[in-house]
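Reviewing the structure listed below.
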Amino acid sequence: MTAKPPPPPPTTSTLSHHHHHHHTLTSTTSLKLFTTTGKPSPIKSAGNSSASVTTTEATTIQRRNSSDESLLNLLRQRKTEDAWLLYTQSSHLPNPTCLSRLICQLSYQNTPSALTRAQSIVQRLRHERQLHRLDANSLGLLAVAAAKSGDTLYASSILKSMLRSGYLPHVKAWSAVVSRLAASGDDGPKEAVKLFRSVTRTIRRFPDPAMVVNSRPDTAAYNAVLNACANLGWTEKFRQLFDEMPESKCEPDILTYNVMIKLCARIERKDLLVFVLERILEKEIPLCMTTLQSLVASYVGFGDLEAAERIVQAMREGRKDLCKILRESSSDEIPNENENEVFEKLLPNVNYPSDYEPPLLTKVFHPNTRMYTTLMKGYMKSGRITDTVRMLEAMRTQGDSASRPDHVTYTTVVSALVNVGAMDKARQVLTEMIRAGVQPNRVTYNILLKGYCQQLQLDRARDALKEMADSGIEPDAVSYNTLIDGCILVDDSAGALVFFNEMRAKGIAPTKISYTTLMKAFSVSGQPKLANDVFDEMEKDPRVKVDLVAWNMLIEGYSRLGMLDPAKEMVERMKKKGVYPM
DNA sequence: TTAGGGTTAG
């Protein structure tokens, strides 16, 4: 947590430009600080500065030094709140140590307000071209805090600007951001892969290995980027990165293989799932429950409930020959040739002879709540509502504490009932869960909101929103997006706007779905001008990126009314921005 | 939150 001076920048030709630039800035800026006249000072270093300054300047320096000293004291005592107040009370820019420590402590608090404060310091420094005053440690922590709060755009922009300036973030910092990006929607996974590449490229440019020792990717970092590849279905990229792990002295671990299971599911290669399990056992990597969980989830995703049930049943019976059971459930679909080559490298065991005796689990695993809930989701998705409810009953009465229904289980049942329009029964389950001592959460209520909206019962939806607040559950963007969409269903664009404004008034950040849904409300009600206004707001909001859906909604608003000229104009504007219609 | 059971658009 201590503030360190910026790491020595790399010396390769590409980055040396930044290097010199960077250094010039550092020395001149410390001079500027000590200058009150605004004229360039002849002083060359802080060391001999006091000799050549005037008396007034010396007094100013003293005042500033003492202010920095009080700030540093507060920071040392971890009085972050007081430190922040002191910072805001003075127009003087604190020294690099204080600024970095303040950013570190604010980032470490992991609260929205602390993050906003840290960001405001960065914004000020950026504006005053003093960003280099912050060390790599504080910027890295800020990036992690931003990523954790869901602001992955901000987090990756901080990291990118660090890399541009020759700063190398700690592996824990940059990999945390890669991990968040990988799991976030939109372009997140692509950005994760890009970020991973920029970091490793920058690392390679440093001639001295000692300088990059804390920034090199570890297995966790690889797992994060592999997860991004899995989410994208980028098999070849996955293999490349997987292949370079040994060169980077990283061993694949159980998570790496769990991510591989996800990749197989994503690219619809059900036939490969069993080979991943066999490979894990063959490499004697300790198996964990989540691997089996991932397998069941994958089969459920494929709609192969029989295979999922077979695993669960085998586990209930305490069997260890899961591989054998899964081999029996493998279908004989013909896989893609190119993909096969890739997987022969990832999973050499796909080519083992057919009389190969698959390995046994080294330990017995029992199905838990999560696994049963996954199976339940399968029933829900295939419309087997009776089985969903029956499963809940079985879990309640079974008496096994590791598989008792929890809030997600009940929420799944609520969701299943909402999906078939059985709102009264969904309500009953909500009551039942509360009686059983399981508290519904925001997701449970969001599903209920969705149900009332779908039933065009907006008043009931509003009541549910109140009920939510009364139980101490704050609505989020999803709650409001659902309600805005509900207003569209009853042709109430004014109501949609009211919800949108209510959301912003509550400090809930609109997502791009909020913007596009509100645009849709105005578009379908024949108010393209208003849709246009929302679009402009969206462009101004740094938290969201205008995407193709937003452009389409904008264009559609005009086309719907036969206003082809403005529609064409929008298409041109869109092309100029580098977005192309599909 | 190094993955992982439940929710929102088009």
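So that the names make sense, note that chain A is the first sequence line, chain B the second, and so on, each numbered from 1.
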Measure CG/A:Leu226 against C1'/B:dT1 and give the value in whole Å, please. 16 Å

In this structure, CG of A:Leu281 is separated from NZ of A:Lys283 (nearest 0.5 Å) by 12.5 Å

Looking at B:dT1, B:dA3, B:dG5, which one has an atom nearest to any side-chain atom of A:Val408? B:dG5

B:dT2 and B:dG6: how far apart are their C1' atoms, nearest whole angstrom? 22 Å

Please determine if a side-chain N or O atom of A:Lys450 lies less than 4.0 Å away from the OP1 or OP2 oxygen of B:dT8. yes

Between the base of B:dG5 and the side chain of A:Asp406, is there a donor-acceptor distance below 3.5 Å? yes

Winner on side-chain proximity to A:Met380, out of B:dG6, B:dG4, B:dT1, is B:dG6

Taking only residues two or more places apart in sequence, or in another chain, which ones meet A:Gln428 in a side-chain hydrogen bond (donor to acceptor under 3.5 Å, both in side chains)? none

Quick check on B:dT2: is either OP1 or OP2 less than 4.0 Å from any side-chain nitrogen or oxygen of A:Asn227? no

Run through A:Lys512, A:Lys545, A:Arg573 and flag the one making a salt bridge (Lys or Arg N to Asp or Glu O under 4.0 Å) with A:Glu539. A:Arg573

Under 3.5 Å, is there an N or O donor on one side and an acceptor on the other linking the side chain of A:Asn446 and the base of B:dG6? no

Rounded to whole angstroms, how far apart are CD1 on A:Ile488 and P on B:dT8? 15 Å

May I ask you to verify if any side-chain N or O of A:Ser179 is less than 4.0 angstrom from the OP1 or OP2 atom of B:dA3? yes

Have a look at A:Thr409 and say if it touches a base, only the backbone sugar-phosphate, or nothing, with a 4.0 Å heavy-atom cut-off. base

Take the protein atom CD1 of A:Ile513 and the nucleotide atom C1' of B:dA9, then report the distance between them rounded to whole Å. 5 Å

Which of these nucleotides, B:dG6, B:dT2, B:dA9, is closest to any side-chain atom of A:Asp253? B:dT2

Check the phosphate of B:dG5 against A:Gln293, side-chain N and O only, distance under 4.0 Å to OP1 or OP2. Yes or no? yes

Write down the distance between CG (A:Asn231) and C1' (B:dT2), rounded to a whole number of angstrom. 13 Å

From B:dT8, B:dG6, B:dA3, nucleotide with atom closest to A:Thr444 side chain: B:dG6

With a 4.0 Å cut-off on heavy atoms, is A:Ile447 in touch with a base, just the backbone sugar-phosphate, or nothing at all? sugar-phosphate

Considering every strand and a 4.0 Å limit on heavy-atom distances, what is the contact class for A:Met376: base, sugar-phosphate, or nothing? nothing

Between A:Ile508 (CD1) and B:dT8 (C1'), how many Å, whole number? 13 Å

Reckon A:Ala297 touches a base, only the sugar-phosphate, or nothing at all at heavy-atom distances under 4.0 Å? sugar-phosphate

How many whole angstroms separate atom OH of A:Tyr445 from atom P of B:dG6? 21 Å

B:dT8 C1' sits how many Å from A:Leu489 CG, rounded? 12 Å

Please state the C1' separation for the pair B:dG5 and B:dA9 - nearest whole angstrom. 24 Å

Considering only B:dT2, B:dG5, B:dT7, which nucleotide approaches the side chain of A:His407 most closely? B:dG5

Please identify which of these residues, A:Arg216, A:Arg197, A:Lys237, meets the salt bridge (Lys or Arg N to Asp or Glu O under 4.0 Å) condition with A:Glu244. A:Arg197

Can you find a side chain N or O atom of A:Lys262 that sits less than 4.0 Å from OP1 or OP2 on B:dG4? yes

Using only heavy-atom distances, decide whether a donor-acceptor pair under 3.5 angstrom links the side-chain of A:Ser294 to the base of B:dA3. no

Looking at B:dG6, B:dA9, B:dT2, which one has an atom nearest to any side-chain atom of A:Asp485? B:dA9

Can you tell me how far C1' of B:dG4 sits from CG of A:Leu295, to the nearest Å? 12 Å

Below 6.0 angstrom between ring centroids: does that apply to A:Phe196 and A:Tyr222? yes

Any heavy-atom pair between the side chains of A:Leu458 and A:Cys487 that's under 4.5 Å? yes

Proximity to the side chain of A:Val478 - top-ranked nucleotide from B:dA9, B:dA3, B:dT7: B:dT7

Closest to the A:Ala220 side chain, choosing from B:dT8, B:dA9, B:dT2: B:dT2

Sugar-phosphate, base or nothing in reach of A:Asp218, heavy atoms under 4.0 Å: nothing

Where the side chain of A:Thr369 is concerned, which of B:dG6, B:dG5, B:dA9 is the nearest nucleotide? B:dG5

Test item: A:Lys363 and A:Phe365 side chains (from C-beta on) under 4.5 Å apart, heavy atoms: yes

